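Supplied in structure tokens, the structure appears directly below.
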Amino acid sequence: MAGRLFPAVKFVIKGGLAGAAVYVAYDQGLLGSGTQGAEALKKAQAALPPAIQEWTRYIGWELPPTPRFDFSPSDSWNKGVQTVMSALSVAPARACEYTVEGWKFVKDLVK
């Protein structure tokens with residue numbers, strides 16, 4: 001009986017953790033628009049360093065200061081979308097070029 005119950009309990013726990021992670025991501029605005037994601041990132045950048053410092057003091061570790069950098073998720077997202085769309089727009093032409101090159105290669109092998 002316990003052999004059948006353990007996998008079910010394990011599945012329920014994993015499903016609960018996954019559901020909680022999705023809920024927290026939705027609640028913090030990570031699944032919303034790009035501006036909501038950028039705001040959530042700014043909140044995390046403001047909240048994480050003090051929390052990490054508190055935990056390191058509690059544990060007794062000494063960590064170097066966190067580096068500062070400017071990162072805009074919306075700009076990166078837009079750049080990624082532009083890159084993908086650019087690649088998709090030239091894909092038919094590239095496929096034709098590669099097909100011609102492949103046929104030339106096969107013809108040279110047959111000769």
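Just so you know, these numbers come straight off a predicted model, no measurement behind them.
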For Val9, all residues meeting side chain to side chain contact (heavy atoms under 4.5 Å, CB included), sequence neighbours excluded:
Leu5, Ile13
When you group the ILVMFWY residues by side-chain heavy-atom contacts below 4.5 Å and let the links chain together, are Trp103 and Tyr98 in the same group?
no
Where Pro92 and Ser89 come nearest, the two heavy atoms and their spacing:
CD-O, 3.8 Å
Is a donor on one side and an acceptor on the other found under 3.5 Å between the side chain of Ser86 and the backbone of Gln82?
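Not confirmed, Ser86 side chain does not pair with Gln82 backbone.
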Straight-line distance of Leu48 CG to Lys43 NZ, nearest 0.5 Å
12.5 Å
Close side-chain approach of Arg94 and Glu97, heavy atoms under 4.5 Å
yes
